[in-house]
Structures are given as structure tokens and as C-alpha cells.
Novice: 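Below is the structure I would like to discuss, written out as C-alpha cells.
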Amino acid sequence: MDQAPVLKQTPLHALHLSLGAKMVPFAGYDMPVQYPLGVMKEHLHTRAAAGLFDVSHMGQVVVKATSGKLEEAALALERLVPVDILGLKPGRQRYGFFTGDNGGILDDLMIANRTDHLLVVVNAACRDQDVAHMQAHLAGCDVTLLDDRALLALQGPKAEEVLANLWPGASEMKFMDVQDVTITGSDCIVSRSGYSGEDGFEISVPGDKAEELAKALLADPHCEAIGLGARDSLRLEAGLCLYGNDIDTTTSPVEASLEWAMQKVRRPGGERAGGYPGAARIEEDLTQGPVRRRVGLKPEGKAPVRSHAILYAEDSPESPVGEVTSGTFGPSVEGPVAMGYVPASLAEPGSRVFAEVRGKYLPLTVTALPFIKPTYKR
């Protein structure tokens, strides 16, 4: 009989258990899906105050040119992502994605300019292949996985206040700033970012200091531990993609409505256009328009429409046009929300499609994303 694979544990595993978390396998890790508060209340607490997430399963990777010149590391990484890395200022980060030869997305990631190196944060499920991809293709660079660090996400309108009680400089940071900080005696890397649609911070901390920091943050009455369940509904309301659901190796960044992350300098006619895997398809999508688009979908009524539900142009099985990629009940919008792909001709807000759910064809309205107004501090 085959044995189940042994799940990895983050440095906060014991803390999750002590807090009464319900643990589930996720990306090879034993992770908290919810705490006794429950998914709905965890979601609403994050929108109203501050939530603390363990995202230590994600990969933190240092990319450093062997010459020591950041410019060389930036240009090397630009051969793998259609994003302006060279123009990224010290102490700033931006969103990007690795692309494949077919123009599909291998993973989405965050890239920070750390003055003498780049810090790349990748998804847990893609971490090993991403590291191998960079090691194979970033000539003249050392690629190092920081497997001795944890990563905490503090999200919500009270996040600044909670963090400022431990480190007053939190209030000076703007969205996508990154800096070195000492918190509870630990050397941390703090970015003002997150994946909830709320203001907040992501804090990289040595693994052996993670529990001390988490407990210090949770000691604040505004802050609650939040699991993967609420993280998923928060990011979906914010119109943010989950790799493997909403984006994958078959979807181009333009189809996924992520072209905003491709700066002008990397687009057709730009100073450093192309030169990355799949550039021909992606540039064609940019200039000609994609065949399909990721859109927001608002089902009528209260019943959620889940991922993999087939979308139809009419309320009958003869007209399949796309698929739902993420769907749940949105606690903040008090109704079901979903994302999926439809033909470009149906991508305008107000268009109607139908999803098959248990033999019935439920109407959905194509809706502009996000479903909530983000509160990032710019």
C-alpha cells in the first residue's frame, strides 16, 4: 500500500496547532485552513481590522550577479520575465511572471530590488521548478533559496497600527516599498504588500524567530490568525489570481488581464521589448487582442459557482464558451463571486453568460474586477 507523502511543516506549525487550527495539505505543506473563528469571520476580521497569515511555504530566492552588479542580475532576469527589472529602484518591488515558450505563465511572483541583489518570492507549488529554471537560465548569477526564513503576511486596515506598535517606521512605508528592519530583535525584510486587496505588510523573518514575532503581532487585540480559506476568498474578492486556477502554462498574461504588469519599456516598440520566452505570442496578444479574457463573474442569487463550471453563451449545452476558474461566496460583497475565461467578444462588463451547476444553467453577469475597492497605501 502506498504511503501518503510526508507533509512539510512551516516554522509556525506548533503555533497553528496551539491556536486550534484545522490543518490541511497544501503545496506539500501541512497548513492551517481555518481557526476556531471560522472562515467567514476570519475574512471579515481581515477587512475590518488585521489578519496574520503564515505564508512561509512560499519560496524566497536571492538572485545575485557573480560580478556584484545589480544591473547584470536585472537584465538576466528580464530574459525570463516580460517585466521592467532594470528600472526597479532600490527598496521597491513589483509583480511579475515567468513565461514559457508558448507564452503561457509558468508562475507569478514578486521581485524586489535589494540594492546589491534581487529577492524573488515564488509560489510554493512551483518553488522547486522555479529555482531550477532560474539556475539553468540566469547565466552569471547565483540563485539561492532561503530555506531558513519564514514569511508572515499582516493584512487589513489596522495592519499599520499593529506593526507600528513593534516598529514605528511602518507608517512611513508606501505600497511596494521594501526595507530591512529589526522587529522583536530579529533581522526582518518588510514589504508593504500582500494578496488580500487590503493595506498590509509581508515580513520575512529567520525561521527560528518566526513564532516570537507572530505571537507579538497576535498579542495586539486588533490582530487575529487567519487561515488559507479566508486568504482564498479575500484574494478572489480583490480580483487576484491563484496560480494553477486562474493562470497556468496555457494562459498568456494578456488573456489573464495581467498586461498592466508589463511596463512600456518591455512592450512592442519599447526600448527592451521581447527577449523573453513566448514573446511572439504575448506581443501578438498585446497588439491584436487576445482570443479570450479573464473576467469577473457575478452569479445571480446566493449560490456560489465553483471552479471548473463550464460557461455557456445560452442556457443550454449547445454553446460552451469558457470556464470558471475560481468561485466562492464573497463575505464582504455579501454574495457569490467568481472569475473565469470568456471569449473577448463577451468580456465587456454587462455581458451575460450561463454556468452549468447540477444540471441547471445559472445566469452570471460579466463584471469589472476587483469586486471590492483595494485599500493599498500609495
Side-chain angles (χ1 to χ4, degrees), residues 1-39 42 51-63 98 105-110 119-136 142-155 186 188-189 194-195 202-215 217-218 224-235 241-249 306-308 325-326 328:
M1 209 170 139
D2 290 341
Q3 285 190 318
V6 177
L7 294 173
K8 298 174 189 167
Q9 298 178 357
T10 75
L12 294 179
H13 191 266
L15 179 61
H16 298 315
L17 296 180
S18 74
L19 294 172
K22 179 185 177 185
M23 307 296 285
V24 297
F26 183 80
Y29 281 81
D30 197 27
M31 295 293 289
V33 68
Q34 67 178 74
Y35 297 87
L37 199 60
V39 173
E42 289 173 31
L52 186 67
F53 303 77
D54 181 8
V55 288
S56 306
H57 57 310
M58 299 183 76
Q60 302 177 63
V61 186
V62 167
V63 176
F98 291 129
I105 300 172
L106 304 181
D107 195 14
D108 62 336
L109 46 119
M110 297 299 296
L119 178 63
V120 182
V121 180
V122 299
N123 284 305
C126 305
R127 183 183 58 199
D128 292 345
Q129 69 195 46
D130 286 349
V131 171
H133 185 58
M134 286 188 277
Q135 287 174 337
D142 293 321
V143 176
T144 309
L145 177 66
L146 302 179
D147 52 11
D148 58 347
R149 296 187 74 85
L151 191 63
L152 308 182
L154 179 67
Q155 299 285 290
S186 301
C188 298
I189 306 163
Y195 220 62
E202 292 185 316
I203 309 166
S204 173
V205 57
D208 59 354
K209 303 287 187 181
E211 186 170 321
E212 180 184 0
L213 175 57
K215 284 180 173 177
L217 293 165
L218 290 169
E224 289 281 354
I226 311 295
L228 292 175
R231 182 173 167 84
D232 190 53
S233 54
L234 288 160
R235 68 90 196 164
C241 294
L242 176 64
Y243 190 81
N245 282 48
D246 309 296
I247 50 176
D248 58 27
T249 55
R306 305 292 182 184
S307 59
H308 304 303
T325 53
S326 287
T328 191

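All values below come from the heavy atoms of this structure, side chains included, with hydrogens, waters and symmetry mates left out. Remember, predicted model here, so these are calculated numbers, not experimental data.
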Novice: So, Tyr243 side chain and Leu106 main chain: donor-acceptor pair closer than 3.5 Å or not?
Specialist: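 Side chain of Tyr243 to backbone of Leu106, a donor-acceptor pair under 3.5 Å: yes, one is there.
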Novice: If the plane angle is over 60° it's perpendicular, under 30° parallel, otherwise tilted; pick one for Tyr29 and His57.
Specialist: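 Perpendicular.
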Novice: Would you call Thr10 and Met31 a side-chain contact if the rule is heavy atoms closer than 4.5 Å?
Specialist: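 Yes, close enough: below the 4.5 Å cut-off.
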Novice: Might you point out which heavy atoms bring Ala210 and Pro11 nearest each other, and give the distance in Å?
Specialist: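 Closest heavy-atom pair between Ala210 and Pro11: CB-CB, 4.2 Å.
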Novice: For Asp108 and Cys241, work out which heavy atoms get closest and say how close.
Specialist: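 Nearest pair, atom of Asp108 first, then Cys241: OD2-O, 4.4 Å.
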Novice: What's the spacing between Thr325 OG1 and Arg306 CZ if we round to 0.5 Å?
Specialist: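 CZ of Arg306 is found 13.5 Å from OG1 of Thr325.
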Novice: Is a donor on one side and an acceptor on the other found under 3.5 Å between the side chain of Arg149 and the backbone of Ser204?
Specialist: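 Confirmed, Arg149 side chain pairs with Ser204 backbone.
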Novice: Taking it one step at a time, do Leu119 and Val62 satisfy side-chain contact (heavy atoms from CB on, under 4.5 Å)?
Specialist: CA-CA 5 Å; Leu119 178 63; Val62 167; 4.3 Å; yes
Novice: With rounding to the nearest 0.5 angstrom, report the CG to CG distance, Asp208 to Asp148.
Specialist: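 It comes to 8.5 Å.
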Novice: Between the main-chain N or O of Leu242 and the side-chain N or O of Asp246, is there a donor-acceptor pair closer than 3.5 Å?
Specialist: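 Judged by distance alone, yes, a pair lies under 3.5 Å.
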Novice: Closer than 3.5 angstrom, by distance alone: can the side chain of Glu42 be matched with the main-chain N or O of Gly227 as a donor-acceptor pair?
Specialist: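 Yes; at least one donor-acceptor contact below 3.5 Å.
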Novice: How far apart are the C-alpha atoms of Met23 and Leu7, what are their side-chain angles, what is the distance that settles it, and do they pass the side-chain contact (heavy atoms from CB on, under 4.5 Å) test?
Specialist: CA-CA 11 Å; Met23 307 296 285; Leu7 294 173; over 6 Å; no
Novice: Give a yes or no answer on whether the side chain of Asp107 reaches the backbone of Arg127 with a donor-acceptor pair at less than 3.5 Å.
Specialist: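 Not at all, since once roles are kept as given, no pair shorter than 3.5 Å links the two residues.
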Novice: What's the verdict on side-chain contact (heavy atoms from CB on, under 4.5 Å) for Leu213 and Ser186, showing C-alpha distance, side-chain angles and the deciding distance?
Specialist: CA-CA 8 Å; Leu213 175 57; Ser186 301; 5.9 Å; no
Novice: Can you tell me how far the CD1 atom of Ile203 sits from the CG atom of Leu154, to the nearest 0.5 Å?
Specialist: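 Ile203 CD1 to Leu154 CG: 5.5 Å, rounded to 0.5 Å.
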Novice: Run through Leu145, Val131, Leu109, Asp128 and flag the one making a side-chain contact (heavy atoms from CB on, under 4.5 Å) with Val122.
Specialist: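 The single option meeting the side-chain contact (heavy atoms from CB on, under 4.5 Å) with Val122 is Leu109.
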Novice: Just wondering, do Val55 and Arg231 contact through their side chains at under 4.5 Å, heavy atoms?
Specialist: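 Yes, at least one pair of side-chain atoms sits under 4.5 Å.
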Novice: Rounded to the nearest 0.5 Å, what's the gap from CG on Leu19 to CG on Leu12? Could you check?
Specialist: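 CG of Leu12 is found 9.5 Å from CG of Leu19.
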Novice: Look at Asp147 together with Lys8 and state whether they make a salt bridge at an N to O cut-off of under 4.0 Å.
Specialist: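 Salt bridge: no.
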Novice: Under a 3.5 Å distance rule, please check whether Tyr35 uses its side chain to pair with a backbone N or O of His16 as donor and acceptor.
Specialist: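 Flag not set: sc Tyr35 to bb His16 has no pair under 3.5 Å.
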Novice: So, for Ala150 and Gln60, which heavy atoms are closest and what is the spacing to 0.1 Å?
Specialist: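 Looking at all heavy atoms of both residues, the closest pair is O-NE2, 3.3 Å.
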Novice: How far does CD of Gln129 sit from CE of Met134, to the nearest 0.5 angstrom?
Specialist: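 Between atom CD of Gln129 and atom CE of Met134 there are 11.0 Å.
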Novice: Within this structure, what is the CE-CG distance for the pair Met58 and Leu151, rounded to the nearest 0.5 Å?
Specialist: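 The CE atom of Met58 sits 7.0 Å away from the CG atom of Leu151.
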Novice: Output, in order, the C-alpha distance, side-chain angles, deciding distance and verdict of side-chain contact (heavy atoms from CB on, under 4.5 Å) for Asp54 and Leu15.
Specialist: CA-CA 10 Å; Asp54 181 8; Leu15 179 61; over 6 Å; no
